[in-house]
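Each chain gets a letter, A, B and so on, in the order its sequence line appears, and its residues count up from 1. Heavy atoms only: backbone and side chains are in, while hydrogens, waters and symmetry mates are out.
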Number of protein chains: 2
Amino acid sequence: MRILFLNILIRVNHFAKEFVKRDIGTVKMSSKKTSITVADVARAAKVSKATAARVLGGYGVASEKTRNAVTEAAEKLGYRSNELARSMSTGRTGLIGVVVGDIENAFFSRAVRGISDAANAAGLNLIITNSNEDLEQEREMVAVLMRQRVAGMIVAPTDVRDTVHLEAAISSGTPVVTFDRVADHLVADSVCGDDAAAADQVMRHLHDLGHQNVAYVTAAGFQGGRLSDLDEIGITAVRNRIAAFLTASERAGIEDPMGLVFQNVIGEESAQDIVAAILAHEPAITAVLASDSLIGASLYKAFKERGVRFPSDLSFVSWFDADWTKVTAPQISVVDQPTYEFGQKAMQCLIGRINGDSSKIEHILIPTPMIARGSIGPRETCGD
Amino acid sequence: MRILFLNILIRVNHFAKEFVKRDIGTVKMSSKKTSITVADVARAAKVSKATAARVLGGYGVASEKTRNAVTEAAEKLGYRSNELARSMSTGRTGLIGVVVGDIENAFFSRAVRGISDAANAAGLNLIITNSNEDLEQEREMVAVLMRQRVAGMIVAPTDVRDTVHLEAAISSGTPVVTFDRVADHLVADSVCGDDAAAADQVMRHLHDLGHQNVAYVTAAGFQGGRLSDLDEIGITAVRNRIAAFLTASERAGIEDPMGLVFQNVIGEESAQDIVAAILAHEPAITAVLASDSLIGASLYKAFKERGVRFPSDLSFVSWFDADWTKVTAPQISVVDQPTYEFGQKAMQCLIGRINGDSSKIEHILIPTPMIARGSIGPRETCGD
DNA sequence: TTGTATGCGTTATCAA
DNA sequence: TTGATAACGCATACAA
């Protein structure tokens with residue numbers, strides 16, 4: 001990749017020359033894109049560079065007269081400030097780095113919209129990257145963002161047990177806000193849904209309806225195939241949900257609740273397998289929780305293909321209020337995660353830190369209430 | 001907004017001071033974040049700044065020995081290159097600007113994933129912005145990106161009739177690739193779906209099944225309420241589809257096909273209204289095309305609420321193969337727009353231009369075949 | 001209120 | 001192969 005990058009850089013120079021060839025008249029024998037600078041404006045307005053810079057940058061003072069002269073000259077010449085140079089001399093950029101698992105996932109893209117709107121309102125811009133929920137890629141992306149000297153970062157860390165790269169960023173002065181996940185010992189604010197409460201709410205609801213054997217299905221994979229220690233889960237959102245799920249299951253009299261946690265479900269195939277396992281489970285599983293909307297959709301389709309009816313055969317709940325959950329018949333009950341607000345909050349929080357807020361680290365927990373829809377029914381009607 | 005921004009900048013300084021206070025030891029009485037530079041590395045490696053820069057920047061030549069010395073020193077000090085400074089002196093950045101209508105829309109977020117993956121492979125980074133399909137915001141975003149000195153831009157222009165801001169960018173040396181929409185006279189490559197072909201394919205399919213009165217529903221609004229001239233549509237994707245729709249309808253003997261184009265459908269309410277209008281239409285409308293997946297979902301829900309059954313009462317086709325179209329019963333027929341590939345192609349194209357490719361402007365048309373699913377049925381079965 | 005001179009962290013040009 | 005030095009475009013301390 002390094003080689004490819006260099007190749008590009010070299011060929012960029014060819015382009016620059018090419019450009020000059022076409023744009024005759026305004027250019028000298030320079031090989032670089034030549035744009036209007038404060039110096040040009042200053043010359044045209046017959047003032048010093050410093051004066052021009054002051055009015056163009058909007059910081060110092062200037063008389064009405066010179067202000068107008070400079071503004072006019074800038075207008076005429078089509079001056080556009082160079083943020084690079086500005087950042088260079090001020091030491092700060094208006095860039096915010098964002099690292100999400102997958103921008104294509106509505107959970108994240110909606111959050112990014114929230115981040116984006118909040119950033120925009122503050123005059124900040126976003127560099128968005130995907131970690132692909134891969135630690136190595138996350139490290140690389142954080143490194144890239146640091147090199148770009150972002151003013152701060154919002155990250156959904158893939159594994160809260162390994163955040164040295166984030167620690168490095170923070171200790172070198174770049175504030176970080178984690179999103180959907182919280183890493184202990186990391187001096188970073190976090191914005192997460194109240195996953196434990198949501199899981200508990202869902203479980204209570206199901207238990208009240210008479211369900212006992214409830215399955216939890218997640219994309220996260222654990223070491224050794226079977227989960228022995230919750231700390232093996234690097235995504236705290238999932239960890240907290242499972243913890244609450246286990247507690248609730250035990251409360252309902254389940255002996256081995258861990259046996260009802262199905263993991264590593266990625267893609268349609270594994271969904272098929274898990275669905276088969278769930279349907280074959282003894283004693284019969286009468287309700288299923290899907291850990292996110294992608295898994296939810298896969299499971300739903302796989303269940304449907306096998307002729308399962310909701311909620312008479314099975315009650316079904318998915319995390320995230322995705323579009324697809326509202327067009328099924330019956331509609332799917334969901335845990336509503338307002339990720340747009342997650343994003344907004346995270347950005348506001350980060351702006352605070354960038355602005356110098358050095359108060360105690362805050363771990364913001366946002367309510368994610370269950371929306372009960374038709375996919376949930378009483379256990380009595382289940383056909384077993 | 002300007003004032004807010006300044007406020008932030010000022011307070012950032014406070015933060016810097018604050019930071020220095022905590023991180024005692026490595027810092028001097030400077031108020032700026034002080035990081036390791038080539039000069040520091042050079043000093044540690046006992047070579048000149050130029051030499052250190054050459055090996056760290058990977059451009060000049062250096063003996064094995066000094067190369068090792070510099071690399072080692074850099075490693076030890078934790079040197080991280082400053083891309084700002086690099087861009088400053090080279091005149092080029094590794095940043096690509098992206099302007100989409102709404103990152104939250106899967107059509108765009110999937111495309112952004114494609115753009116992102118392609119950019120990543122080339123060592124480029126993305127600044128992503130939303131135009132909100134608003135021309136004024138689009139102009140602002142383009143201005144922002146220009147100030148950041150992006151190496152190129154990928155834009156889904158809100159109105160192809162007003163692209164002076166894009167022209168300005170291009171003529172000042174920043175290559176632009178338009179996405180989903182093509183503006184005539186703009187010296188920019190474009191990547192679009194073959195909307196006309198898709199519309200034609202869908203219409204032929206429906207006509208073959210005996211449908212005659214087919215409705216087209218779009219979010220785009222036209223001046224004066226009723227569409228008199230196709231050029232009034234600023235989004236070419238929509239324009240081309242409607243053009244093909246009209247042609248096909250005429251071919252099928254429809255007298256006033258324009259009367260079957262329903263516009264300005266945004267949000268659930270207007271969807272309800274349009275659905276009412278469609279159901280009340282005389283002669284009866286037996287098939288509906290939704291211009292995108294958001295409208296599609298809104299229409300679907302509104303139809304369902306009114307007890308409409310697919311395909312016996314109505315045949316239904318939506319643009320974009322969204323998640324929701326695969327969980328309904330029956331599944332929804334769609335025009336499959338592989339926007340991930342759109343994005344990839346656009347990025348590859350842009351990289352070419354950045355690399356100096358000055359060949360003729362290319363308008364790439366990507367096939368968007370219909371995927372026929374259960375929501376389409378023969379007209380014979382329609383209850384009228 | 002305005003101007004002069006210097007610095008930010010790189011790359012790039014010449015000599016040596 | 002290396003080193004001294006001048007850009008790049010802006011901000012800023014200080015002088016006028």
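Straight-line distance from the CE atom of A/Met88 to the P atom of D/dC8: 15 Å, rounded to whole Å. Atom CG in A/Leu84 sits roughly 12 Å away from atom P in D/dA11 (whole-Å rounding). The distance from atom CZ of A/Arg149 to atom C1' of C/dC8 is 11 Å, rounded to the nearest whole Å. Nucleotide C/dG9 holds its P atom 17 Å from the CZ atom of A/Arg147, rounded to whole Å. Distance B/Leu56 CG to C/dA12 C1': 16 Å, rounded to the nearest Å. Rounding to whole angstrom units, OH of residue A/Tyr79 and P of D/dG9 are separated by 10 Å. Atoms CD (B/Glu83) and C1' (C/dG9) sit 11 Å apart, rounded to a whole Å.
Listed nucleotides: D/dT1, C/dA12, C/dT10. Nearest to the side chain of B/Arg92: C/dA12. Comparing D/dA11, C/dT10, D/dT2 by their nearest atom to the side chain of B/Ser63 picks out D/dT2. Out of C/dA12, D/dC10, D/dT2, the shortest distance to the side chain of A/Asn82 is found at D/dC10. Side-chain proximity of A/Tyr59 to D/dC10, C/dT1, D/dT12: nearest is D/dT12.
Closest heavy-atom contact between A/Arg149 and B/Ser81: NH1-O, 3.3 Å.
A donor-acceptor pair under 3.5 Å is absent between the side-chain atoms of A/Asp189 and the main chain of A/Ile361, judged by distance alone. Between the A/Asp40 side chain and the A/Thr37 main chain, a donor and an acceptor come within less than 3.5 Å of each other. Looking only at distances, no side-chain donor or acceptor of B/Thr163 sits under 3.5 Å from a matching main-chain atom of B/Leu166.
In this structure the side chain of A/Thr66 never reaches within 4.5 angstrom of the side chain of A/Val55, judged on heavy atoms. Proximity of B/Asn82 to A/Arg147: side-chain heavy atoms (C-beta onward) are nowhere separated by under 4.5 Å. The closest side-chain heavy-atom distance from A/Asn132 to B/Arg113 is below 4.5 Å.
Look at A/Thr90 and you won't find any side-chain N or O under 4.0 angstrom from OP1 or OP2 of D/dT12.
Among the atoms of the strands shown, none is found under 4.0 Å from any heavy atom of A/Ser87.
Proximity of residues 43-55 of chain A to DNA chain D (heavy atom under 4.0 angstrom from any strand atom) is restricted to A/Lys49, A/Ala50, A/Ala53.
Between B/Ala85 and B/Arg67, the one whose closest nucleotide on DNA chain D sits nearer the 5' end is B/Arg67.
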